[in-house]
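To start, the structure under review is shown below, and the notes come after it.
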Amino acid sequence: MINIVVVSHSAQLARGVEELARQMMRGDGCKLALAAGIDDAEQPIGTDALKVMAAIESVSDGTGILVLMDLGSALLSAETALELLAPELAAKVVLCSAPLVEGTLAAVVAANSGGGLEQVLAEAQGALQIKQVQLGEGKPAATALELPLTAGKSLSWKIQNPHGLHARPAARLAEVLAPFDAELVLENHGQCASPLSLNQLALLQIHQGDTIRLIANGPQADAALAAFKALAEQHFGETVTEQQQPSLHGMPVVESVSSGPIWQALSFWPQMNLRKVGAGDVLHEQQRLRIALQRTLSDLNKLAERTATLVGKAQAAIFGAYSILLDDPDLQQAAYTRIAQEHCSAEQAWQRELEQVAAGYRALDDEYLQAREQDVRDILRRTLSHLQQQPIPPLILRAPSILVMDELMPSDVVMLDRRMVLGICLSGGSALSHAAILAKAMGIPMVVGMHGCMSKTRSGQKARLDAARGVLQLSH
């Protein structure tokens, strides 16, 4: 990780730059240290080489350190600090000539996305170009807006953010796409840029109403497109509301809570048939998997159609994203290869590949993307059910009830009879899961993370669910 030091004559200015930079940083990203002002109450404006030295030492755990400065003596103080540092630490430090504010923001985004020292330095040094181009004082670099449109898979999205893809959502996009092993190009109005560069994204000047397109090539192209789609659906980390409409108010007649009997259900998972496969059975197992994947894809198309009818096309796109992941030829080929090399069954090969994908989502810093691991397991469960010829049983409630489970898959939610489900309580789950999003769209009150709800309730027991407060009140 590349860490960053800001050297300024003014402590107040440095704190302002830090405040802006922090808005671009998430999780355990790069470290940012300040060396600003001097310890003189009457004349606090100035720089101190010892302060610069201490700031560099405080972020010495990075693989490289980029130092940005404001005015003349700030450079002198930084150069003096380098001379005072231990040689092995000084060798990791680069002094940058970029403008303090623009350069720091660009450097933070590049560092937070895992860029190396050369990349972070280049981003900082190119930051001024954004303002120059927008003011008509310079021409964009060829690499910023004249990248060729490469052949590959692509996904388009119409920007709804009121201020377009400005610094914060652009930084979020760069951070989310950085981990994927894929060649990525973002296109807007025929101009292209790397979505991993805050500078290049800014030069695309993406406004509300623009339709952008992400083009992806490489081993993780499908995963990158799926992550892009998930982030776009969240408006790149911003809250986007529809135009405010007049509201009407009245007196509620009943409380907005649900009362009724508990109905407990167990999460279904197909029984696994663990067996070794002989060399002569490899082609048969590969064919079994190929057929199961085709049937799963057909299931997903039907789920998307049902969801579109129930709650709309926006929610139906959830299962469209499922299909993109399932139809990844690299993922499928990895499973076929595993069958041939490890002589394992189709079930084992597919489960191991999907579990790796799910683990990758769980390892991400973003909570919304972490919740996508359930989608992967939902796909896995459905494919295994076809391989094992064990159809997934629908959750059929015989009377209006509060459904209590450990976990509920998104594909189970859309198959529920809304008239029979008074509410849902899960011992696990995530409020950001697609199961939760679909339940909300269907108007079903839902509470997740209610630990002990299975062990402390019983079917038929009367209860009162206040989903707004996350409370399930039980009767004796």
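Quick note: residue numbers are just sequence positions, from 1. We use all heavy atoms of the structure for the numbers below, so side chains are in, but hydrogens, waters and symmetry mates are not.
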What is the distance from atom OG of Ser267 to atom CG of Asp406, rounded to the nearest 0.5 Å?
-> 5.5 Å
Given Asp375 and Leu325, is the side chain to side chain contact (heavy atoms under 4.5 Å, CB included) satisfied, shown in steps?
-> CA-CA 10 Å; Asp375 300 346; Leu325 192 154; over 6 Å; no
Would a 4.5 Å heavy-atom cut-off, applied to side chains only, mark Thr307 and Ile318 as touching?
-> no
For Ala441 and Gln315, the nearest pair of non-hydrogen atoms, with its separation, is CB-CG, 3.8 Å
Is a side-chain donor or acceptor of Gln208 paired with a backbone partner of Gly164 at a separation under 3.5 angstrom?
-> no
Check step by step if side chain to side chain donor-acceptor pair (under 3.5 Å) holds for Thr309 and Glu305.
-> CA-CA 6 Å; Thr309 302; Glu305 292 174 2; over 6 Å; no
Least distance between heavy atoms, Gln332 atom then Asp327 atom = NE2-CA, 3.7 Å
Any side-chain donor near an acceptor of the partner, Ser430 and Glu367, under 3.5 Å | no
Shortest non-hydrogen separation from Leu184 to Ala224 and the atoms involved | CD2-CB, 3.9 Å
Would you list the pairs meeting ring-ring contact (aromatic ring centres under 6.0 Å, His included) in which at least one residue belongs to residues 405-427, sequence neighbours left out?
-> none
Side chains of Ile65 and Leu89: closer than 4.5 Å at any heavy-atom pair?
-> yes
Would you mind reporting whether Arg372 and His434 have side-chain heavy atoms less than 4.5 Å apart?
-> yes
Would a distance-only check, ignoring hydrogens and angles, find a side-chain to backbone donor-acceptor pair under 3.5 Å from His163 to Asn161?
-> no
Is the shortest heavy-atom distance from the side chain of Ile56 to the side chain of Val93 under 4.5 Å?
-> yes
So, the side chain of Lys31 versus the backbone of Gly62: is there a donor-acceptor pair under 3.5 Å, distance only?
-> no
So, do Gln374 and Glu407 sit near enough that their side-chain heavy atoms are less than 4.5 Å apart?
-> yes
Pairs under 3.5 angstrom only: tabulate donor-acceptor contacts from the side chains of residues 408-415 to other protein residues two or more places apart or in another chain.
unit_1	atom_1	unit_2	atom_2	d
Ser411	OG	Asp378	OD1	2.8
Ser411	OG	Asp378	OD2	3.1
Ser411	OG	Arg381	NH2	3.3
Ser411	OG	Arg382	NH2	3.3
Asp412	OD1	Arg381	NH2	3.1
Asp412	OD2	Arg381	NH1	3.1
Asp412	OD2	Arg381	NH2	3.2

Any pair with a residue in residues 280-298 that passes salt bridge (Lys or Arg N to Asp or Glu O under 4.0 Å), sequence neighbours left out, goes on the list, sorted by first then second residue, please.
-> Arg275-Glu285, Glu285-Arg288, Arg288-Glu347
Can you tell me if Ser401 uses its side chain to pair, donor with acceptor, with the backbone of Ile262 under 3.5 Å?
-> no
Tell me, yes or no, whether the heavy-atom count around Gln287 atom CD, taken from other residues, nucleotides or ligands under 6.0 Å, exceeds 12.
-> yes
Quick check: does any side chain N or O of Ser258 sit under 3.5 Å from a backbone N or O of Leu422, one acting as donor and the other as acceptor?
-> yes
Excluding sequence neighbours, so at least two apart, what forms ring pair (Phe, Tyr, Trp, His ring centres under 6.0 Å) with Tyr322?
-> Phe319
Trp350 CH2 to Thr296 OG1 distance, which is reported to the nearest 0.5 Å | 8.0 Å
Could you verify whether a donor N or O on one side chain and an acceptor N or O on the other, from Gln294 and Ser298, lie under 3.5 Å apart?
-> no
Check the pair Leu121, Leu66 against side chain to side chain contact (heavy atoms under 4.5 Å, CB included), reporting the backbone distance first and the verdict last.
-> CA-CA 7 Å; Leu121 176 62; Leu66 191 70; 3.7 Å; yes
Atom NZ of Lys440 with >12 non-hydrogen neighbours under 6.0 angstrom = no
Heavy atoms only: give me the nearest Asn112-Cys30 pair and the separation to one decimal.
-> OD1-N, 3.0 Å
Distance, nearest 0.5 Å, that separates CG of Leu68 from OG of Ser97 | 9.0 Å
Give the C-alpha distance, both sets of side-chain angles, the deciding distance and a yes or no for side chain to side chain contact (heavy atoms under 4.5 Å, CB included) between Leu384 and Trp269.
-> CA-CA 9 Å; Leu384 291 178; Trp269 197 263; 4.1 Å; yes
Could you tell me whether the side chain of Glu175 reaches within less than 4.5 Å of the side chain of Val109, counting heavy atoms only?
-> no
In a check of side-chain contact (heavy atoms from CB on, under 4.5 Å) between Ile212 and each of Leu155, Leu204, Leu201, Leu186, which one passes?
-> Leu186
Quick one: does Gln264's side chain have a donor or acceptor within less than 3.5 Å of a partner on Thr457's backbone?
-> yes
Compare all side-chain heavy atoms of Leu32 with those of Glu18 and state whether any distance is below 4.5 angstrom.
-> yes
Quick one: does Val176's side chain get under 4.5 Å of Phe236's, heavy atoms only?
-> no
Pairing residues for Arg352 by the salt bridge (charged side-chain N to carboxylate O under 4.0 Å, His left out) criterion, not counting sequence neighbours = Glu342
Looking only at atom types and distance, does a side-chain atom of Gln348 sit under 3.5 Å from a main-chain N or O of Ser345, one as donor and one as acceptor?
-> yes
Counting distance only, does the side-chain N/O of Arg418 pair as donor-acceptor with the main-chain N or O of Met442 below 3.5 Å?
-> yes
Shortest non-hydrogen pair, Glu123 vs Ala110, comes out as CG-CB, 3.7 Å
Quick one: pull up CG in Asp328 and NZ in Lys153 and give me the separation to the nearest 0.5 Å.
-> 5.0 Å
In sequence, state the C-alpha distance, the side-chain angles, and the governing distance for Ile402 and Ile424, and then conclude on side chain to side chain contact (heavy atoms under 4.5 Å, CB included).
-> CA-CA 6 Å; Ile402 298 171; Ile424 299 171; over 6 Å; no
Output the distance between atom CG (Asn3) and atom CG (Leu117), rounded to the nearest 0.5 Å.
-> 10.5 Å
Return the set of residues passing salt bridge (charged side-chain N to carboxylate O under 4.0 Å, His left out) with Asp181 (not counting sequence neighbours), or none when no residue passes.
-> none
Look only at the side chain of Glu373 and the backbone of Arg362, and say whether a donor-acceptor pair between them is shorter than 3.5 Å.
-> no
Rounding to 0.5 Å, atoms OG1 (Thr383) and CG (Leu326) come to a distance of 5.5 Å
Mind listing the closest non-hydrogen atom pair of Arg338 and Cys344 along with its distance?
-> O-SG, 3.8 Å
